[in-house]
**Student:** 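Before I ask anything, here is the structure I am working with.
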Amino acid sequence: MAAATFVQGSCKTMCPPDEYEIRKEHNLVRPFETSFLSAVKCYSRSAAGQSAARHKNIRDLTTLENTVKYLFEQVLDRRKTSLAQLYDFVFDRLRAVRQDLVVQGYLEGFSGLRTVTVAKILEYCVRFYIYFQFRLSHLPASAFSSHLNQNHLDECLSQLLHLYSKIEVKNHDLLHQTSHIEIEALDLLLSKNSAGLHRALQLPSKTKSNTIVRNSIEISISLWLGNFVRANHIARGLPLSLQLAYRAHFSLLRPRVLEVYERGYRSPQGTKFPLEKLRRYLLFDTARQTAEFCVDCGLSLDDTGSSVIFKTGTALKFSTTSQSNNLYDQDFEETLENVRVSHFLYGQSI
Amino acid sequence: MATMNLNQYLREIQSSWESRSGTEVSEFLSFNHPHVMSTKLTAEGFEKSVERLVESPLDELVILHLRCLNCVNQQKYLEAYSEQSALVQAFTKLFQTQKEDNWALFIMYVISLDLRMFAIKADKELAKKGADKPGQTLEKAAECLMGLFRVCAADNRSSDEDTKRWGMLYLVNQLFKIYFRINKLHLCKALIRAIDASQFKDHFSLSQQVTYRYYVGRKAIFESDFKSAEKFLTYAFERCHRECRNNKRLILIYLIPVKMLLGHLPTPHLLRKYDLLQFSEVVQAVREGNLRRLNNALLQHDAFFIRCGVYLILEKLKVTTYRNLFKKVTLLMKTHQIPIEAYLEALKFMGVEDIDLDETQCIIANLIFENKIKGYISNSHNKLVISKQNPFPPLAAIMKVCRGKEISVSSFNLFTLGCVDRPNPAASQASGNFAGEAVARQTSTCFSLKNNEVDRKELINRIKNEFLTKLATI
């Protein structure tokens, strides 16, 4: 994108006045937006052939920063409604924030300290997607689209890594003002194939020697070797945001984990494997969830319903089961309930 | 040649062009030829001389080439690249107009190579100036070469002798080298498909085939397709000319880890011959089932392994090492129902920190899952119950059976099987055959897992004593 097509935003309110008028007229104002001062620009696909006055509808960087703070502290923290509804609103408004960043070219060039601010905003967004991926995963697809959330997380992460590499080249010291270590580790933990590991192994040794990065590499290698137990064990010592990311990634491996244990323990006579033990390995919250998952995959339970039977000759079948993406965990729920959402999103809870 | 004067140069290149001598023209346009040492070629006003003595369309190429030479002489590689890029584009246009003719392929080869070389140097120049996009010139070079590739690939009306399609593999190899360097391996896929579909697939020159297989093999490694990787890299290694030692060594850097994963360890002779002693510690460690030694070996040369991109495969050798270690333990225990504690103790002895029964069971379950151990874990008795027949099948055989494709055994003499494949003394006679995938038996020859007489604690002590002393001799 040529620099000439970037706009310099001049809007100093969270919502451009024009938009607010239009939305008010068409009854498109959300319950959260009680007045103009609490209205937030919503996401819309950029229309072609914008007028010269376009800059009036694009918020400048300071306003964008304040908008994000408002969304986190005045909307999410206040918690006046269900998490799913909060997510819906904030997801859309954050998307608009990111859009304003893009059209002003903040994701392309390097603008010194402003790039650091942009990086921080994207970091907040990344934590937002991870937080809600975790807290809403148990909802049906109609209430929460895990897929869409994941896509935005991926997009945000790659934009962030791109920014870091610019900062590193132009002004290395500024990198320390970002949370690049946490994000590098996050990117590694969420990586679906060995490409993430290849990348991580080639990080500068200073970054690699950081405990968080080192542990994340060890976790990834453990998973690469099939050592789920070790990976889960090390993951417990990670900062909260990374633990949530790890669990989100691990849920994709559940079918594989079940396959391995089924194969390893199955006998011709049929082995009874306690659901409670399997639960721990699969990172499920309850034995009942574990049982449901096993049954969905084609296994049977014993008479007491407390063990699954691994018997030679059973064929496992894997389609997307209802439980495989469920990240719900009682302990984590309690922890997250007791943490201020904004604190988590700002990266303050470790 | 190195003191050639301009007129002489121009006359010779013009005459070569007229006689359609591709090789001769290519020499005059190549930076690997001694004519580039002559300072007389880029003297003041050389362009006028070219226009006077050289006919179109060659004149444009010559001017660009000499301009490029000028930049190179001043060590301005970004500008040199610019000129070379213009040259390639001019050539692409004229190449396309040469119907049913491919004598200019030789020219195409040299100018493509030089294009890539200058792109690399240009990127280095940019990096020094603090550019934020590493490899941007190389990316542009790739686009340029793709233009040429399209001209070659589209030439399917000409006869086999005259078709430009013969140039495809050379360009693909140049593009591979670029994509690997800028780490955009996914762009290789389309090129591989194009070559696979070509009728000349097996008729390109041997050196081009070797290079091609080398990169395709490396790509397969990156995608964890080790069977294919072995196939390609073995071809490359065997067919690579014995005097190209450097290339043979490069191929081995990737072939050795892949073969090790598939159950074939390299001989010390091979490692010494090609100066790859970085692998010897790894090989020893895997052979012995010595985890501690493997971890140290990986640490010792981690920079080298990471740089080459083989670190992860070598990490995967831990699984083979576990297998070899556990086989030793099983042999020592002389029974078919081994308490998991035995393996746990072995791992602890090998310096694995912070490990428990859960993790040990996980490792064993994975080995069973990969068919490296024939047996199952009894959860209630916390024992591994192994097959009486061949509980630790030879690794090479597993990989063969597993995927149903043939492994090339032609390079067998360079690799030995891991020493763990000696006959298993603990294997009993045929009578107690483990059921395996078959229906559960009801006869008395079936295993019964009663909690037998031996006291568990006593067993563990026996493990510790017998086993640890034996292991200490490693």
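So that the names make sense, note that chain A is the first sequence line, chain B the second, and so on, each numbered from 1. Because the structure is predicted, anything quoted here is derived from the model rather than measured.
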**Student:** Less than 4.5 Å to any heavy atom of chain A: does that hold for the side chain of B:Val352, its backbone, both, or neither?
**Tutor:**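 Just its side chain gets close to chain A.
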**Student:** Considering only heavy atoms, which portion of A:Asn227 lies under 4.5 Å from any heavy atom of chain B: side chain, backbone, both, or neither?
**Tutor:**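 Contact with chain B involves both backbone and side-chain atoms of A:Asn227.
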**Student:** Looking at A:Arg230 and A:Glu218, is there a salt bridge between them, counting it only when a charged N and a carboxylate O are closer than 4.0 Å?
**Tutor:**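 Yes, this pair counts.
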**Student:** At a heavy-atom distance under 4.5 Å, which candidate from B:Cys362, B:Ala127, B:Ala365, B:Gly309 has the highest pair count against chain A?
**Tutor:**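 Of B:Cys362, B:Ala127, B:Ala365, B:Gly309, B:Cys362 has the most heavy-atom pairs under 4.5 Å with chain A.
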**Student:** At a heavy-atom separation under 4.5 Å, does A:Lys277 approach chain B through its side chain, its backbone, both, or neither?
**Tutor:**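 Interface part for A:Lys277: side chain.
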**Student:** Give, as side chain, backbone, both or neither, the part of A:Tyr281 having an atom under 4.5 angstrom from any heavy atom of chain B.
**Tutor:**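 It is the side chain, since no backbone atom gets that close.
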**Student:** Does the ring centre of B:Phe305 sit less than 6.0 Å away from the ring centre of B:Phe279?
**Tutor:**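 Here the rings of B:Phe305 and B:Phe279 have centres that are less than 6.0 Å from each other.
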**Student:** Between A:Glu123 and A:Lys120, does any NZ, NE, NH1 or NH2 come within less than 4.0 Å of an OD or OE carboxylate oxygen?
**Tutor:**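 Salt bridge absent between A:Lys120 and A:Glu123.
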**Student:** Between the side chains of B:Lys219 and B:Glu223, is the shortest nitrogen-to-carboxylate-oxygen separation below 4.0 Å, so that they form an ion pair?
**Tutor:**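 Answer for the salt bridge query: yes.
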**Student:** Looking at A:Glu184 and A:Arg199, does any basic side-chain N land under 4.0 Å from a carboxylate oxygen?
**Tutor:**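 A:Arg199 and A:Glu184: salt-bridged.
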**Student:** Using non-hydrogen atoms and a 4.5 Å limit, figure out which bit of B:Ile364 sits close to chain A: side chain, backbone, both or neither.
**Tutor:**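 Nothing of B:Ile364, per the 4.5 Å heavy-atom cut-off to chain A.
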**Student:** Tell me, side chain or backbone of A:Glu259 under 4.5 Å from chain B's heavy atoms, or both, or neither?
**Tutor:**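 Both parts, heavy atoms under 4.5 Å.
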**Student:** So, is the end of the A:Arg254 side chain (NZ or CZ) under 6.0 Å from the ring centre of A:Phe284 and within 45° of the ring's axis?
**Tutor:**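 Yes, A:Arg254 lies over the aromatic ring of A:Phe284.
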**Student:** With a 4.5 angstrom heavy-atom cut-off, could you sort out which part of B:Lys316 is near chain A: side chain, backbone, both or neither?
**Tutor:**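 B:Lys316 touches chain A through backbone and side-chain heavy atoms alike.
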**Student:** Measure A:His233 against the heavy atoms of chain B and call it side chain, backbone, both or neither at under 4.5 Å.
**Tutor:**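 The side chain, not the backbone.
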**Student:** Please check if any side-chain donor atom of B:Glu315 sits under 3.5 Å from a side-chain acceptor atom of B:Tyr311, or the reverse.
**Tutor:**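 Result is yes, a qualifying pair exists.
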**Student:** Considering only heavy atoms, which portion of A:Ile221 lies under 4.5 Å from any heavy atom of chain B: side chain, backbone, both, or neither?
**Tutor:**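 For A:Ile221, the side chain is the part near chain B, not the backbone.
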